[in-house]
Amino acid sequence: MAKILVAASPEPRAVLERVLAGHELSCAETMAHGEQLLGDRAFQLIICTIVFDESKMYDFLRLAKSRPEWERIPFIGARVRGHILRSPTALGAAALTCRELGAAAFLDIANYAKDPEREMRDAIEGFLDC
């Protein structure tokens, strides 16, 4: 069981709670709460959805990489609802921007066809050192 910080609004958070059932999740809906959690607890992974705190995923990524004690934590940007950011160009730009800012990955649940939630869980767990 890994300690994972989930930065997401309620609807995508519910998806990630299903996907990551069994892990110890701490959830933040705002930048301020996410920063507080990072300061208070040790995490093995940060996963942040595109629409976190009014689309502040990149801001939270910058914050997570701004301190030596946090920068080693793998950060995954994620899209967990297919109706968000539908354009392939925009999704490609999101993935590229995440990588350029230091994220370990950008994962899109729509890329998993057979069992999207299980496949996304497998991809996320690939970044854990459990």
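Only a predicted model underlies this, so the values are computations on that prediction, with no experimental measurement involved. Numbers for residues simply follow the sequence, beginning at 1.
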* **Partner of H23 by side-chain hydrogen bond (donor to acceptor under 3.5 Å, both in side chains), out of E125, K3, E17** =>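 Testing H23 for a side-chain hydrogen bond (donor to acceptor under 3.5 Å, both in side chains) against E125, K3, E17 leaves exactly one candidate, E125.
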
Between [atom1] of [X] and [atom2] of [Y], what distance do you get to the nearest 0.5 Å?
X: T30; Y: E35; atom1: OG1; atom2: CD; result: 10.0 Å
X: L20; Y: L45; atom1: CG; atom2: CG; result: 8.0 Å
X: L38; Y: H33; atom1: CG; atom2: NE2; result: 10.5 Å

* Quick one: list whatever passes ring-ring contact (aromatic ring centres under 6.0 Å, His included) with F60, sequence neighbours left out. =>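 Per chain and number, F60 pairs via ring-ring contact (aromatic ring centres under 6.0 Å, His included) with F52.
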
With a 4.5 Å limit on heavy-atom distance, are the side chains of [X] and [Y] in contact?
X: R62; Y: D59; result: yes
X: L16; Y: L25; result: no
X: E117; Y: R18; result: yes
X: I50; Y: F106; result: yes
X: P10; Y: E29; result: yes

* Asked: Is the side chain of Q36 donor-acceptor paired with the backbone N or O of A32 at a distance under 3.5 Å, no angle test?
  ->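 Checked: no pair found.
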
* Take atom CD in E69; do more than 12 heavy atoms of anything else shown fall under 6.0 Å from it? ->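 Count over threshold, so yes.
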
Where do [X] and [Y] come nearest, in terms of heavy atoms and distance?
X: K65; Y: I73; value: NZ-O, 2.9 Å
X: C98; Y: M57; value: SG-CE, 3.6 Å
X: I4; Y: F43; value: C-CD2, 3.6 Å
X: T49; Y: S9; value: OG1-N, 4.4 Å
X: I76; Y: F127; value: CD1-CD1, 3.5 Å
X: Q44; Y: A2; value: OE1-CA, 3.0 Å

* To do: Walk me through it: do V80 and V19 pass the test side-chain contact (heavy atoms from CB on, under 4.5 Å)?
  => CA-CA 10 Å; V80 297; V19 167; over 6 Å; no

* **Member of R121, R118, M120 meeting the side chain to side chain contact (heavy atoms under 4.5 Å, CB included) criterion with Y112** =>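 Between Y112 and the candidates, side chain to side chain contact (heavy atoms under 4.5 Å, CB included) is satisfied uniquely by M120.
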
* Asked: Hey, any chance L91 and L96 share a hydrophobic cluster, counting ILVMFWY side chains that come within less than 4.5 Å of each other, even indirectly?
  ->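 No; tracing contacts between hydrophobic side chains, which count when under 4.5 Å, never links both residues.
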
